Amino acid sequence: MTADTSLSFAYEPNSAPVPASERSERLVNPGFGRVFTDHMVTIRYAERKGWHDARVHARTPLQVDPACAVLHYAQEIFEGLKAYRLDDGTTALFRPEANARRFQDSARRMAMPELPEELFLESLRQIVTIDRDWIPTSEGGSLYLRPFMIASEDFLGVKPSAEYLYMVIASSVGAYFKGGAPAVKLWLSQSFTRAAPGGTGAAKCGGNYAASLAAQAEAIRRGYDQVVFLDAAERRWVEELGGMNIFFVMDDGSLITPPLGGTILPGITRDSLITLARDQGMTVREEPYAIEQWQADAESGRLREAFACGTAAVVTPIASVTGENLSFTIGTGGPGQLTEKLRQSLVDIQRARAPGPHGWLQRLD
Ligand SMILES: Cc1ncc(COP(=O)(O)O)c(C=O)c1O
């Protein structure tokens, strides 16, 4: 079925939005993922009808039948990106068409229908426009957008669902780290892996995150901040963290990051940093990096810095790595200079404080 890319959105504003004074209170210290806006977007899909029934309406609980397919077989995908309030009061999104394309890639892998890029982008414009007062004005604040799609057919057979529900919700978020990101301590998971060749590692599907939680919980239990995964085949090659990609900064000023081989998420922050670093004349190699090499390079000083990156925290320095039988510190164990320089370059573009070289910033008004 060819999808309709020109749906118009029915507009049903919330008749009882959160009063402005209460909204201001909630925006003082919103944290991450706890404060939600007044509205949501929904678009339905059915095999025989294609995409239909696009609506912007009050945020409301879903009513699902206990046989709803997503509850049983986890046919679900999502995205995450931020809307920013710029210094001049206007709003903007950072590379939303990259999220649209990744959402389509995830859909194909999960045997779900692809939402046309224009519908995806329009759904974001709709929610940001109606809920723009929920974007915090505080430094580092933003509106985190969560587009997602679930299999919504009520049927217990194991097969791709015949019906889907696409939704966008929005959450006001504060600066992930106030006053610059502190360096994090990583736990190296040697018993759990995140994704296998031929699996779903490159898709942004809920199942990947469910599978990573035991390892993340183990990291926290042992006193570390985040978990870092090795590849599933050889248990040797560094892949990524539970929710962030990883970069290594070498003593000659070059960068190394693991290649996209189907088992790691093709992060948009990762891609942006590769481009920015190359624009600034740096060498970036997308090549496999082994855990024993990581340790040797950290100990010899060949590795100067390492950092993780993703939409939520942007760039997070890595202080140290500990596993069952290894433990090493990276550089001084604190935030490194090049890491901070790259973080600042990216944040400046996202906030329109520096010219975005590649049309990355999509202004909404
Ligand atoms: C597993 C994983 N890797 C990497 C990333 C970073 O991706 P992005 O930079 O597009 O946010 C994320 C976050 O979305 C993630 O969940």
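In this text, all values refer to a predicted model and were calculated from it rather than measured experimentally. Basis for what follows: all heavy atoms, side chains included, without hydrogens, waters or symmetry-related copies. Whatever order the structure lists ligands and atoms in, that order sets their numbers, starting from 1.
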Salt bridge (Lys or Arg N to Asp or Glu O under 4.0 Å), that's the test. Do E163 and K49 meet it? Break it down for me.
CA-CA 10 Å; E163 292 166 19; K49 275 176 102 169; over 6 Å; no

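- Between R353 and E139, at least one side-chain nitrogen of the basic residue sits less than 4.0 Å from a carboxylate oxygen of the acidic one, meeting the salt-bridge criterion.
- Of all atoms in ligand 1, numbered sequentially from 1 with element shown, those under 4.0 Å from a heavy atom of E240 are 1 (C), 2 (C), 3 (N), 4 (C).
- Heavy atoms of P266 stay at 4.0 angstrom or farther from ligand 1.
- The minimum heavy-atom distance linking L230 with T193 is given by the pair O-CG2, 3.9 Å.
- With respect to the salt-bridge test (charged N to carboxylate O, under 4.0 angstrom), the residues R102 and D105 do not qualify.
- Between P288 and W237, the closest heavy-atom pair is CB-CE3, 3.6 Å.
- Distances below 4.0 Å separate heavy atoms of N245 from the following atoms of ligand 1: 4 (C), 6 (C).
- Within the 6.0 Å centre-distance limit, the rings of Y144 and F32 are counted as a close aromatic pair.
- Set against the non-hydrogen atoms of M244, the atoms of ligand 1 under 4.0 Å away are 2 (C), 3 (N), 4 (C), 5 (C).
- In the vicinity of R102, heavy-atom distances shorter than 4.0 Å reach the ligand 1 atoms 7 (O), 8 (P), 10 (O).
- Taking the centre and axis of the six-membered ring of F36, the NZ or CZ atom of R59 falls inside the cone set by 45° and 6.0 Å.
- Using a 4.0 Å cut-off between charged nitrogen and carboxylate oxygen, R125 and E118 count as a salt-bridge pair.
- Those atoms of ligand 1 with a heavy atom of R194 less than 4.0 angstrom away are 1 (C).
- Nearest non-hydrogen protein atom to atom 11 (O) of ligand 1 is T311 OG1, 2.6 Å.
- Remark: minimum distance from atom 9 (O) of ligand 1 to any protein heavy atom is reached at T269 OG1, 2.5 Å.
- For ligand 1, the polar-atom distance check against I268 finds a nitrogen or oxygen pair separated by under 3.5 Å.
- Every atom of ligand 1 with a heavy atom of G267 under 4.0 Å away is listed here by number and element: 7 (O), 8 (P), 9 (O), 10 (O).
- With hydrogens left out, the protein atom closest to atom 14 (O) of ligand 1 is K204 NZ, 2.7 Å, a heavy atom.
- With respect to atom 12 (C) of ligand 1, the closest heavy atom belonging to the protein is G243 O, 3.1 Å.
- Every residue two or more places apart in sequence or in another chain was checked for a ring-ring contact (aromatic ring centres under 6.0 Å, His included) with Y164, and none qualifies.
- The Y209 neighbourhood of ligand 1 comprises atoms 1 (C), 2 (C), 15 (C), 16 (O), with distances under 4.0 Å to a heavy atom of that residue.
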